Amino acid sequence: MVDLYRAYPPEFYARNTVIVARELIGSFLCRKLEDASVLWGPIVEDEAYRQHEPASHAARGPTPRCQVMFGPPGYAYVYFIYGRYHCLNVVTEEAGYGAAVLLRAVGADQTKGPGKLCETWDIGFQHNGISLMNPGFSLWICPGDRPGPELIVCSRRVGITKAEELPWRFYLKGHPSVSGPKFPGSGKKRQSQN
DNA sequence: GGGCCGATTGTT
DNA sequence: ACAATCGGCCCG
């Protein structure tokens, strides 16, 4: 049985972002709302973003928007995109290095995609910079049952148009909440491992 | 202040 | 294939 009121320690996040992204699949995202009700569900899709690559917000250094990516690991980085949606990330690696994992889908509700996840769970700028290591406080992540490697698919990330694409997206094979095109087998680019 | 662009999503 | 929609970022 999963205990929703524990959390990963900072050391879990203070590692290579791609490793953290893979290991976060199956972990539980938890959200306590204003009325004290709690939403929770397993992370079924995420993506890694690291400092020295054009596709990352951190590529051009710690701007006001992405400065929390350069802070200590285990904290939330929330950004606003396309004039409509917020997206939630977990900061990774050592402080001073800009990196994070974008949480794209949770296997709890009918919605899919990072924008819809934040919309449905009322996640926004009020969470930017808060710790995800305090169980019971607004937003946190706790360990779950880690799926076997045969259930975790690795593919290119969604929505990257300019930069060179990297196989840094992970998702639970066949899960209905996974967003975007199912790249492996959808005929464009190839799958990869990691 | 102006102009361009986007880690999205839903519709054509 | 494309529009909606506006904050962030760069330039001047």
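As the structure is a computational prediction, the values presented were derived from the model and not from experiment. To find a chain, count down the sequence lines: A is the first, B the second, and so on, and within it residues start at 1.
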- Item | Phosphate OP1/OP2 of B:dA7 contacted by A:Arg169 side-chain N/O (<4.0 Å) | no
- Rounding to a whole Å, what distance do you find between A:Glu119:CD and B:dG10:P? 8 Å
- Note on the structure: A:Lys112 atom NZ is separated from B:dT9 atom C1', nearest whole Å, by 12 Å
- Message: Please confirm whether the shortest side-chain N or O distance from A:Thr63 to OP1 or OP2 of C:dC9 is below 4.0 Å.
- Response: yes
- Specify the separation, in whole Å, of atom CD of A:Gln67 and atom P of C:dG8. 12 Å
- Item | Short side-chain N/O contact from A:Arg65 to OP1 or OP2 of C:dC9, under 4.0 Å | yes
- Would A:Trp140 and A:Val68 show up in the same hydrophobic cluster when neighbours are defined by side-chain heavy atoms closer than 4.5 Å? no
- Query: Any stacking of A:Phe80 on C:dG7, going by centres under 5.5 angstrom and planes within less than 30 degrees?
  - Reply: no
- Message: Both A:Gly83 and A:Lys116 contact DNA chain B. Taking the nearest nucleotide for each, which residue is further toward the 5' end?
- Response: A:Gly83
- Examine A:Tyr49 together with A:Trp168 and report whether their ring centres are nearer than 6.0 Å. no
- May I ask you to say what A:Tyr82 touches in the nucleic acid, namely base, sugar-phosphate or nothing, with a heavy-atom cut-off under 4.0 Å? base
- Item | Ring geometry between A:His52 and A:Tyr97 (parallel below 30°, tilted from 30 to 60°, perpendicular above 60°) | perpendicular
- Fit a plane to each ring of A:His57 and A:Tyr77, take the angle between them on a 0 to 90° scale, and name the class: parallel (under 30°), tilted (30 to 60°) or perpendicular (over 60°). perpendicular
- Task: Kindly say if A:Ser179 contacts the phosphate of B:dT8, meaning a side-chain N or O under 4.0 Å from OP1 or OP2.
- Result: no
- Looking only at side-chain atoms of A:Arg60, point me to the closest of B:dT9, B:dA7, C:dC10. C:dC10
- Query: A:His57 has an atom NE2; how far is it from atom P of C:dG7, in whole Å?
  - Reply: 16 Å
- Item | A:Lys162 vs B:dA7: side-chain N/O to OP1/OP2 distance below 4.0 Å | no
- Query: Whole-Å distance between B:dA7 C1' and A:Asn128 CG?
  - Reply: 15 Å
- Here the distance between atom P of B:dA7 and atom OH of A:Tyr77, to the nearest Å, is 9 Å
- Message: So if I take every side-chain heavy atom of A:Pro64 and compare against B:dG6, B:dA7, C:dC9, which nucleotide ends up nearest?
- Response: C:dC9
- Quick one: label A:Ile160 by what it contacts on the DNA or RNA (base, sugar-phosphate, nothing), any heavy atom closer than 4.0 Å. sugar-phosphate
- Let me know the distance between OH of A:Tyr79 and P of C:dG8, rounded to the nearest Å. 13 Å
- Note on the structure: As its Watson-Crick or G-U partner within any shown strand, both distances under 3.5 Å, C:dC9 has B:dG3
- Minimum side-chain heavy-atom gap A:Leu102-A:Tyr79 below 4.5 Å: yes
- Minimum-distance nucleotide to A:Thr161 side chain [options: B:dT9, B:dA7, B:dG6]: B:dG6
- Nearest-Å distance, OH (A:Tyr85) to P (B:dG6)? 18 Å
- A:Lys112/A:Glu45 salt bridge by N-O under 4.0 Å criterion: no
